[in-house]
Amino acid sequence: MPLVDNGGAPVLGNRTPAQWLSREQFRTAAAWRGKLDRVTLRVPQEAQPLADALHTALAHILVSRDGVVLRPGTRAYARSWIRDGTMIAEALLRLGHPQIAADYLRWYAPHQFDNGKVPCCIDARGADPVPENDSAGQFIFLVAEVYRYTRDRALLEAMWPHVEKAAQYMGKLRHSERPPHLDDGARPATYGMMPASISHEGYSAKPMHSYWDDFWALKGYASAVTIAQALGRSEDARQLAAARDEFGADLFASLRATAASHRIDYLAGSVELGDFDPTSSTIALAPAGDERWLPHELVQPTFERYWREFVARRDGKVAWKDYTPYEFRNVAAFVRLGWRERAHELLDFFMAGRKPPAWNQWPEVVAHDDHAAHFVGDLPHAWVASDFIRSVLDLFAYERGDAIVLAAGVPASWLDRTGVAIRGLRTPYGTLSYSLVRLGDRIVELTLTANGSVPPGGFVLKGPWPRPLHATVNGKPIDVRGGELRVDEVQARVVLELPGHGPGEVK
């Protein structure tokens, strides 16, 4: 401990060392609470580990930074990848740390190459020139998300030249795989896709046409349209929307062609291999989220197979060596598919993979046998932490088009006694808080407070119950369609009367 401060005054003053230490501990704890408690959860005691791990995961992201640089780790991964940084930044935006995300964007953007290529990675040597064709889409998505959460128009204006060049570079890449002389019947599954790359670690030995790259490119185009519209660049928005739609149609055709050629019924990881990689395919649901360009007959079988294989692994019916906790993304996919209880079975299994459990952290690879030598990566791993954060938050609220869906991942058992609540969640439309509780056998009450605006598609309540018999919003009756209820108020008390008990219903 220094004896004097920078001005030469005694640090202790008239305090004892114990008093000084107690004060410093209090200040440090208060500073961390200010960073970690901007979004809070109230859940039943059995779910409290999820809420605790949410805060710890945020802390791990913050301590893994190097100044303004977001990194997946501090040892093995003490550098910054745009894919890691973008997904970490999205978690930070939702948890109330927009400045950190914006500072990272400002730092990364100047490293873009003159031809528009976005480097996959930056370290002490500078920008990495290795071609990884997910980078442009991820960068454009980051720009759009920072704007949507901050409404910083000056920053968006400054980023537009980078976005424009990145979108043009994506166009060059996809058109290199889109020879104009081929008619529909002669087009290979690679037609119009991003060229082969090693952005997916599973293809590091040999570049593949990875759908991970394509899903990110599609999201990049959609985000570029959003940016152009926000800046009033109507002609740019029109051209980018046309490119998005053309690429989306090519992607749809490619996914079907790959499935047919490999005789599979799931979303493939790559064109060449027709491999099963659901944790990569989740990007098609979130953040890509535009199901117009996904063959519906391939989506559900993808995650049904993942579920079957997960259960066999969990229940010891098949031998397994390790897994990557990036699988947290499948929790978010299950919530979007309406598989509420399955999502929580995934969470229970992955929570058991914390190393050690009390520290609320995951390495990049979790081994079945902790006593055997194995690759760990970094522990904690900030990108894994962001996947966990986003999936837990999705239980309570996620974007679906221009709506915010509420409680799609909240199980019925959580509504007993004090119910559940989330406070201070950031969305592109402002801050969101709500509580959801069961009142008696057949009444559920939602109390919603939004500091901002109602999303164009409203707040959509999708709780763990069958279609209500009756519902009111602020005392007025409202229609319930397909078990969902739309709320178009920033302050709302919603009361639902439920039918009698049944399997999986609130009771």
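Each residue takes its place number in the sequence, starting with 1.
Sparse packing is recorded around CH2 of W359, with 12 or fewer heavy atoms of other residues, nucleotides or ligands lying under 6.0 Å away. E297 CD: more than 12 foreign heavy atoms inside a 6.0 Å radius. With a 6.0 Å radius and a threshold of 12 heavy atoms from other residues, nucleotides or ligands, F375 has its CZ atom above the threshold. Other residues, nucleotides and ligands contribute only 12 or fewer heavy atoms inside 6.0 Å of the CD atom of E201. Other residues, nucleotides and ligands place no more than 12 heavy atoms under 6.0 Å from the CZ atom of R493.
No side-chain heavy atom of S435 sits under 4.5 Å from any side-chain heavy atom of E445. Proximity of K355 to D370: side-chain heavy atoms (C-beta onward) are separated by under 4.5 Å at one or more points. Within the 4.5 Å cutoff, the side chain of L496 has heavy atoms near those of the L485 side chain. Within the 4.5 Å cutoff, no side-chain heavy atoms of E132 are placed close to those of C121. With a 4.5 Å cut-off on side-chain heavy atoms, L70 and I100 count as touching. Looking at heavy atoms from C-beta onward, I404 lies out of side-chain contact with V460 at the 4.5 angstrom threshold. Considering only heavy atoms from C-beta on, V331 stays 4.5 Å or farther from D394 through its side chain. A heavy-atom distance below 4.5 Å is not found between the side chains of F459 and E489.
In terms of modelled atom types and a separation under 3.5 Å, the side chain of Q19 and the main chain of T16 share a donor-acceptor contact. Looking at T449, its side chain never comes within 3.5 Å of a backbone N or O of Q491 through a donor-acceptor pair. Between the H374 side chain and the A372 main chain, a donor and an acceptor come within less than 3.5 Å of each other. With hydrogens and angles ignored, the 3.5 Å screen pairs no side-chain donor or acceptor of R65 with any backbone N or O of I61. No donor-acceptor pair under 3.5 Å is formed between the side chain of D315 and the backbone N or O of A312. For D378 (side chain) and A76 (main-chain N/O), a donor-acceptor pair under 3.5 Å exists by modelled atom type. With hydrogens and angles disregarded, no donor-acceptor distance shorter than 3.5 Å links the side chain of R83 to the backbone of C120. Counting only distance, with no hydrogens or angles, the side chain of T28 and the backbone of Q25 share no donor-acceptor pair below 3.5 Å.
When all heavy atoms of L425 and R94 are compared, the closest pair comes out as CD1-O, 3.6 Å. Between D322 and A367, the closest heavy-atom pair is CB-CA, 3.9 Å. Minimum heavy-atom separation, Y434 to A407: OH-N, 3.4 Å. A pairwise comparison of heavy atoms in P428 and R151 identifies O-NH2, 3.4 Å as the closest pair. Closest heavy-atom contact between W212 and S199: CD1-OG, 3.9 Å. The two residues L156 and A230 have their closest heavy-atom pair at CD2-CB, 3.9 Å.
With respect to E309 and R314, no salt bridge is recorded, no charged nitrogen being found less than 4.0 Å from a carboxylate O. A salt bridge links R400 with E484: the distance from a Lys NZ or Arg NE/NH1/NH2 to an Asp or Glu carboxylate oxygen falls below 4.0 Å. Checked for salt-bridge contact, D416 and R438 meet the test: a charged N lies under 4.0 Å from a carboxylate O. The residues R106 and D152 are annotated as salt-bridged, a charged nitrogen and a carboxylate oxygen being separated by less than 4.0 angstrom. No salt bridge links K219 with D290; every basic N to acidic carboxylate O contact stays at or beyond 4.0 Å. Taking a cutoff of 4.0 Å between a charged side-chain nitrogen and a carboxylate oxygen, E399 and R148 qualify as a salt bridge. Salt-bridge formation is not detected for the pair R342/E345: no Lys NZ or Arg NE/NH1/NH2 atom is positioned less than 4.0 Å from an Asp or Glu carboxylate oxygen.
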TODO: Could you walk me through whether F350 and Y323 pass ring-ring contact (aromatic ring centres under 6.0 Å, His included), step by step?
DONE: CA-CA 10 Å; F350 298 140; Y323 70 88; 5.6 Å; yes
TODO: Take W362 and H60 through the test ring-ring contact (aromatic ring centres under 6.0 Å, His included) and record every step on the way to the result.
DONE: CA-CA 10 Å; W362 292 266; H60 289 153; 8.6 Å; no
- [ ] Would you please test D123 and S80 for side chain to side chain donor-acceptor pair (under 3.5 Å) and show each step?
- [x] CA-CA 7 Å; D123 59 19; S80 184; over 6 Å; no
TODO: Determine, step by step, whether V39 and R423 satisfy the side chain to side chain contact (heavy atoms under 4.5 Å, CB included) criterion, reporting the C-alpha distance in whole Å, the side-chain angles of both residues, the deciding distance to 0.1 Å, and the verdict.
DONE: CA-CA 6 Å; V39 177; R423 304 292 181 200; over 6 Å; no
- [ ] List the steps, then state whether side chain to side chain donor-acceptor pair (under 3.5 Å) holds for H200 with D134.
- [x] CA-CA 9 Å; H200 186 301; D134 55 344; over 6 Å; no
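Taking the ring centre of W383 as origin, the terminal cationic atom of R329 falls inside the region bounded by 6.0 Å and 45° from the ring axis. Taking the centre and axis of the six-membered ring of Y77, the NZ or CZ atom of R79 falls outside the cone set by 45° and 6.0 Å. Y398 carries R336 over the face of its six-membered ring, with the cationic atom under 6.0 Å from the centre and within 45° of the normal.
There is a side-chain donor-acceptor pair under 3.5 Å between Y203 and D275.
The aromatic rings of F276 and Y266 stand perpendicular to each other, their planes meeting at an angle above 60°, with 30° marking the opposite boundary.
Between F334 and H344, the distance from one ring center to the other does not fall under 6.0 angstrom.
Shown here are the side chain to side chain contact (heavy atoms under 4.5 Å, CB included) partners of T431, two or more places apart in sequence or in another chain: R426, N451.
Of the inter-residue distances, the one linking Y149 atom OH with E90 atom CD reads 6.0 Å to the nearest 0.5 angstrom.
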